[in-house]
Amino acid sequence: MIRVGIGVDVHAYADAGSGGGGGPAEGGGLRLAGLDWPGEPALAGHSDGDAVCHAVVDALLSAAGLGDIGELVGVDDPAAAGAASTGFVTAALARLAADGWAPVNVSVQIVGERPRFAARRTEAQRAMSALVGAPVSLAATTTDRLGFTGRGEGLAVIATALIERADA
């Protein structure tokens, strides 16, 4: 048996002044797809704000019918303050495994004007694939300067996960 899930995450840049649901990650730099992006502003959030990891968590949990990231780790949880979002992916994978599911692949689309993603796509795909234990493909696009992403206020991420029964 196979199942598909979709996850979406949106974060403001900490320098966009919108509040974005919390402060930036400790250290102040962007964390995206499990990588540090020197010279780029952090995403606002309770954790490190890694919107790729957050969308992947939601896609995996959605595919298995196991809820969403808010049920896995809440924004009220002090242990999650400034936490690395890669740990949330690991926790989601453990929840899937406990329910008899394994990831087959994940596809991720990043929507925003920055960072310029193409030069680090292969590195990010390797990092996320190693984390998930299955192929993760990453793509990025802009919105031709339209909307909040086009104005450089933040970014959005859409992830689709394919999972299968682990005993299949």
Side-chain angles (χ1 to χ4, degrees), residues 4-63 68-70 72-73 75 82-93 96 103-163:
V4 175
I6 298 172
V8 176
D9 197 55
V10 176
H11 283 271
Y13 285 107
D15 67 356
S18 66
E26 289 185 30
L30 178 63
R31 184 92 173 147
L32 191 65
L35 303 177
D36 291 317
W37 296 76
E40 293 288 345
L43 292 169
H46 185 62
S47 66
D48 64 4
D50 188 330
V52 168
C53 286
H54 297 177
V56 167
V57 166
D58 276 346
L60 290 166
L61 293 174
S62 170
D68 58 41
I69 195 169
L72 186 67
V73 57
V75 295
S85 296
T86 53
F88 305 160
V89 175
T90 301
L93 291 165
L96 259 68
V104 174
N105 78 307
V106 179
S107 179
V108 179
Q109 179 73 50
I110 301 166
V111 182
E113 297 295 319
R114 63 184 191 201
R116 302 309 282 177
F117 194 76
R120 296 190 70 193
R121 177 187 328 279
T122 300
E123 178 186 9
Q125 288 181 156
R126 283 186 187 134
M128 290 301 298
S129 295
L131 179 62
V132 171
V136 176
S137 60
L138 292 147
T141 191
T142 68
T143 56
D144 291 328
R145 304 204 184 280
L146 298 173
F148 78 93
T149 59
R151 290 188 300 270
E153 296 170 7
L155 57 81
V157 178
I158 304 160
T160 304
L162 179 66
I163 64 172

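Starting from 1, each residue takes its place in the sequence as its number.
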Peer 1: Under the 3.5 angstrom rule, does the side chain of Gln125 hit a backbone N or O of Leu138 as a donor-acceptor pair?
Peer 2: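 Yes: the side chain of Gln125 pairs with the backbone of Leu138.
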Peer 1: Any donor and acceptor pair, going by atom type alone, linking the side chain of Asp144 with main-chain N or O of Leu146 inside 3.5 Å?
Peer 2: no
Peer 1: Which pair of non-hydrogen atoms, one from Ala59 and one from Ala159, has the smallest distance, and what is that distance?
Peer 2: CB-O, 3.5 Å
Peer 1: Can you check whether Phe88 reaches Ser47 side chain to side chain, under 4.5 Å on heavy atoms?
Peer 2: yes
Peer 1: Taking Asp68 for the side chain and Asp58 for the main chain, is one N or O donor matched with an acceptor at less than 3.5 Å?
Peer 2: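 No, Asp68 side chain to Asp58 backbone: no donor-acceptor pair under 3.5 Å.
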Peer 1: What distance do Ile110 atom CD1 and Asp9 atom CG have between them, rounded to the nearest 0.5 Å?
Peer 2: 11.5 Å
Peer 1: Short question: side chain of His11, backbone of Ala44 - any donor-acceptor pair under 3.5 Å?
Peer 2: yes
Peer 1: Is there a side-chain contact between Asn105 and Val136, using heavy atoms and a 4.5 Å cut-off?
Peer 2: no
Peer 1: Hey, mind stepping through Thr143 and Val111 against side chain to side chain contact (heavy atoms under 4.5 Å, CB included) and telling me if it holds?
Peer 2: CA-CA 7 Å; Thr143 56; Val111 182; 3.4 Å; yes
Peer 1: With the side chain counted from C-beta on, respond yes when Glu40 and Arg114 share a heavy-atom pair under 4.5 Å apart, and no when they do not.
Peer 2: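 With C-beta onward as the side chain, the pair touches.
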Peer 1: Test side chain to side chain contact (heavy atoms under 4.5 Å, CB included) on Glu153 and Tyr13 and set out the steps.
Peer 2: CA-CA 6 Å; Glu153 296 170 7; Tyr13 285 107; 5.9 Å; no
Peer 1: Are the side chains of Met128 and Val108 in touch, meaning some heavy atoms are under 4.5 Å apart?
Peer 2: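 No, every pair of side-chain atoms sits at 4.5 Å or beyond.
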Peer 1: Would you kindly check if the NZ (Lys) or CZ (Arg) of Arg31 is within the cone defined by 45 degrees around the ring axis of Trp37 and under 6.0 Å from the six-membered ring centre?
Peer 2: no
Peer 1: Is the closest side-chain heavy-atom distance between Leu32 and Leu155 below 4.5 Å?
Peer 2: yes
Peer 1: For Leu30 versus Pro41, what's the shortest heavy-atom pair and its separation?
Peer 2: CB-O, 3.3 Å
Peer 1: Pair Arg145, Glu113 - check side chain to side chain contact (heavy atoms under 4.5 Å, CB included), show working.
Peer 2: CA-CA 7 Å; Arg145 304 204 184 280; Glu113 297 295 319; 3.7 Å; yes
Peer 1: At their closest point, which heavy atom of Gly5 faces which heavy atom of Ala63, and how far apart are they?
Peer 2: N-CB, 3.4 Å
Peer 1: I'd like to check Thr141 versus Gln109 (side-chain heavy atoms, cut-off strictly below 4.5 Å). Are they in contact?
Peer 2: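 In contact.
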Peer 1: Going through the distances and angles, do Val57 and Leu72 end up as a side chain to side chain contact (heavy atoms under 4.5 Å, CB included)?
Peer 2: CA-CA 9 Å; Val57 166; Leu72 186 67; 3.9 Å; yes
Peer 1: Indicate the atoms forming the closest heavy-atom contact of Arg120 with Pro38, along with that distance.
Peer 2: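 Scanning both residues, the minimum pair turns out to be NH1-CD, 4.2 Å.
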Peer 1: What I want to find out is whether Glu123 reaches Arg126 closely enough, with some N-O distance under 4.0 Å, to be called a salt bridge.
Peer 2: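 Result for this pair is no, no salt bridge flagged.
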Peer 1: Among pairs that include at least one residue of residues 135-162, which meet ring pair (Phe, Tyr, Trp, His ring centres under 6.0 Å), considering only residues two or more places apart or in two chains?
Peer 2: none
Peer 1: Just wondering, do Leu93 and Pro103 contact through their side chains at under 4.5 Å, heavy atoms?
Peer 2: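 A side-chain contact exists here, since the closest heavy-atom pair is under 4.5 Å.
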Peer 1: Atom CG of Leu60 and atom CD1 of Ile163: how far apart are they, to the nearest 0.5 Å?
Peer 2: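 Those atoms lie 7.5 Å apart.
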Peer 1: Return the set of residues passing side-chain contact (heavy atoms from CB on, under 4.5 Å) with Thr160 (not counting sequence neighbours), or none when no residue passes.
Peer 2: Val4, Ile6
Peer 1: Ignoring hydrogens, what is the shortest heavy-atom contact between Gly34 and Asp50? Give both atom names and the distance.
Peer 2: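 Of all heavy-atom pairs spanning Gly34 and Asp50, the closest is N-OD2, 2.8 Å.
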Peer 1: Quick one: pull up SG in Cys53 and CG in Leu131 and give me the separation to the nearest 0.5 Å.
Peer 2: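 Result: 6.0 Å between the selected atoms.
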Peer 1: Please give me the minimum heavy-atom distance between Thr149 and Ala156, naming the atom from each residue.
Peer 2: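 Looks like CG2-N, 4.0 Å.
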